[in-house]
Undergrad: 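Just dropping this structure here.
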Amino acid sequence: MNTHQYIINDVQPFASNSSIKELQSAFNQLTYSHFPIIKNDVFEGCISGTDVHCFETDKTIDDYSYTIEPFFVRLDTNWLDILEAFALHNSNIMPVLDENNQYKGYYELGDIIGIFNDTPFLNEAGGIIVVEKGVRDYSFSEICQIVESNDAKILGVFISSINSDTMQATIKIGHQGMNEIVQTFRRYSYNIISSHDEDLLLEDLKERSNYLDKYLNI
């Protein structure tokens with residue numbers, strides 16, 4: 001997916017000898033978390049608005065160069081890696097450099113999230129299953145095989161939670177007949193984290209529980 005169309009150039013990077021007062025004013029006017037900084041026409045990194053508002057106004061960016069964060073993406077960076085870079089650096093602006101490390105502009109977080117919104121994972125009709133298994137016991141090939149063996153199509157799958165013992169995978173499936181798929185995952189020793197109206201096993205357990213409650217209350 002080509003992300004070049006989302007590169008923005010309406011705000012130019014600040015030179016490292018710019019005043020802190022000037023930078024504070026820019027942060028007050030815009031909603032960006034960071035601004036890109038260049039020194040002698042070479043990209044240095046980004047500086048945070050949270051930090052800048054604590055700086056002395058009569059000084060320059062050079063005086064606080066130790067706070068500059070050297071994050072960026074390349075022109076050929078995949079949009080998912082761009083989204084990850086936003087998350088890793090807690091930023092809503094992401095500088096873009098070419099192969100010669102020349103600054104080409106920046107991405108806005110909202111535009112890249114918009115690309116994700118246009119993927120089949122979000123905009124196609126279907127159902128969501130969240131499954132859990134040991135981190136050493138699962139495989140994507142097995143997850144796909146379970147879904148496809150029930151004549152369903154996978155619209156997307158990703159690891160939505162992980163720790164030292166278990167992982168959770170969120171799966172978007174292109175139809176609503178979930179019960180057979182849910183039961184197959186159980187047969188493969190996956191825990192079903194999401195709830196499903198068609199989950200016949202849970203409905204059966206609820207009925208048995210209700211029956212037991214009535215029996216005990218006689």
Side-chain angles (χ1 to χ4, degrees), residues 1-123 130 135 156-170:
M1 188 176 296
N2 187 357
T3 57
H4 293 180
Q5 60 183 311
Y6 298 103
I7 295 176
I8 301 171
N9 279 293
D10 59 351
V11 176
Q12 294 302 307
F14 278 85
S16 62
N17 59 359
S18 300
S19 71
I20 294 300
K21 183 177 181 179
E22 181 183 2
L23 191 55
Q24 288 176 343
S25 176
F27 274 116
N28 288 334
Q29 294 176 41
L30 299 171
T31 58
Y32 293 143
S33 61
H34 297 73
F35 274 120
I37 306 299
I38 59 174
K39 184 171 186 176
N40 299 324
D41 295 326
V42 176
F43 176 78
E44 274 202 299
C46 292
I47 196 164
S48 164
T50 302
D51 290 338
V52 167
H53 285 298
C54 299
F55 297 161
E56 297 178 36
T57 58
D58 60 344
K59 294 192 174 183
T60 68
I61 297 171
D62 277 327
D63 293 316
Y64 297 98
S65 60
Y66 58 89
T67 66
I68 293 175
E69 305 170 57
F71 63 81
F72 61 89
V73 295
R74 299 286 185 184
L75 282 170
D76 59 354
T77 301
N78 179 275
W79 71 270
L80 272 175
D81 290 329
I82 297 171
L83 194 59
E84 181 184 31
F86 275 111
L88 286 174
H89 300 288
N90 196 25
S91 173
N92 61 13
I93 184 174
M94 185 58 57
V96 183
L97 307 186
D98 65 14
E99 65 277 8
N100 298 314
N101 295 325
Q102 294 298 303
Y103 176 83
K104 306 303 292 185
Y106 63 92
Y107 293 121
E108 285 189 356
L109 176 59
D111 289 335
I112 303 303
I113 289 178
I115 296 175
F116 184 51
N117 290 339
D118 290 336
T119 64
F121 189 88
L122 289 184
N123 64 23
V130 182
V135 292
V157 56
F158 67 96
I159 303 301
S160 48
S161 177
I162 193 167
N163 57 44
S164 59
D165 298 317
T166 61
M167 73 84 210
Q168 290 182 10
T170 298

Undergrad: Apply side-chain hydrogen bond (donor to acceptor under 3.5 Å, both in side chains) to S19 and list each qualifying residue two or more places apart in sequence or on a separate chain.
TA: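 side-chain hydrogen bond (donor to acceptor under 3.5 Å, both in side chains) list for S19, sorted by chain: empty.
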Undergrad: Tell me the side-chain hydrogen bond (donor to acceptor under 3.5 Å, both in side chains) pairs involving residues 35-61, sequence neighbours left out?
TA: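 Pairs touching residues 35-61 that pass the test: T60-D63.
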Undergrad: List the steps, then state whether side-chain contact (heavy atoms from CB on, under 4.5 Å) holds for F14 with I38.
TA: CA-CA 6 Å; F14 278 85; I38 59 174; over 6 Å; no
Undergrad: Please set out all donor-acceptor pairs under 3.5 angstrom arising from side-chain atoms of residues 23-35, sequence neighbours excluded.
TA:
{"residue": "Q24", "atom": "NE2", "partner": "V52", "partner atom": "O", "Å": "3.0"}
{"residue": "Q24", "atom": "NE2", "partner": "F55", "partner atom": "O", "Å": "3.3"}
{"residue": "S25", "atom": "OG", "partner": "Q29", "partner atom": "NE2", "Å": "3.1"}
{"residue": "N28", "atom": "ND2", "partner": "Q24", "partner atom": "O", "Å": "3.2"}
{"residue": "Y32", "atom": "OH", "partner": "Y106", "partner atom": "OH", "Å": "2.9"}
{"residue": "Y32", "atom": "OH", "partner": "E108", "partner atom": "OE2", "Å": "2.4"}
{"residue": "S33", "atom": "OG", "partner": "S91", "partner atom": "OG", "Å": "3.4"}
{"residue": "S33", "atom": "OG", "partner": "N92", "partner atom": "N", "Å": "3.0"}
{"residue": "S33", "atom": "OG", "partner": "N92", "partner atom": "OD1", "Å": "3.2"}
{"residue": "H34", "atom": "ND1", "partner": "S91", "partner atom": "OG", "Å": "3.4"}
{"residue": "H34", "atom": "NE2", "partner": "E69", "partner atom": "OE2", "Å": "3.3"}

Undergrad: Taking C-beta and beyond as the side chain, do V135 and I162 meet within less than 4.5 Å on heavy atoms?
TA: yes
Undergrad: Could you tell me which residues satisfy side-chain hydrogen bond (donor to acceptor under 3.5 Å, both in side chains) with N101, sequence neighbours excluded, listed by chain and number?
TA: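 Scan of N101 (side-chain hydrogen bond (donor to acceptor under 3.5 Å, both in side chains), adjacent residues dropped) gives R74.
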Undergrad: Out of curiosity, I8 CD1 to D111 CG, how far, rounded to the nearest 0.5 Å?
TA: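 These two atoms lie 5.0 Å from each other.
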Undergrad: Evaluate the side-chain proximity of F43 to P13: yes if any heavy-atom separation is below 4.5 Å, no if none is.
TA: no
Undergrad: Which heavy-atom pair separates V11 from Y103 by the least distance, and what is that distance?
TA: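 Reported closest heavy-atom pair: O-OH, 4.2 Å.
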Undergrad: Partners of D62 by side-chain hydrogen bond (donor to acceptor under 3.5 Å, both in side chains), sequence neighbours excluded?
TA: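 D62 satisfies side-chain hydrogen bond (donor to acceptor under 3.5 Å, both in side chains) with S16 only.
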Undergrad: Run Y107 and I93 through side-chain contact (heavy atoms from CB on, under 4.5 Å) and show every step you take.
TA: CA-CA 6 Å; Y107 293 121; I93 184 174; over 6 Å; no
Undergrad: What do you reckon, is CG of N17 surrounded by more than 12 foreign heavy atoms closer than 6.0 Å?
TA: yes
Undergrad: Taking all heavy atoms of N78 and all of L80, pick out the closest pair and write down the distance.
TA: OD1-N, 2.7 Å
Undergrad: Can you list every salt bridge (charged side-chain N to carboxylate O under 4.0 Å, His left out) pair that touches residues 77-106, not counting sequence neighbours?
TA: none
Undergrad: Rounded to the nearest 0.5 Å, how far does CZ of F86 lie from CE of M94?
TA: 5.0 Å
Undergrad: Please step through side-chain contact (heavy atoms from CB on, under 4.5 Å) for the pair I115 and L83, ending with a clear verdict.
TA: CA-CA 10 Å; I115 296 175; L83 194 59; over 6 Å; no
Undergrad: Determine yes or no for a side-chain-to-main-chain donor-acceptor pair under 3.5 angstrom, with H4 supplying the side chain and L75 the backbone.
TA: yes
Undergrad: Would you give the length of the straight line joining atom CD1 of I37 to atom OH of Y64, rounded to the nearest 0.5 angstrom?
TA: 14.0 Å
Undergrad: Can you name the nearest heavy-atom pair linking C46 to P36, along with the distance?
TA: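 Result for this residue pair: SG-CA, 4.1 Å.
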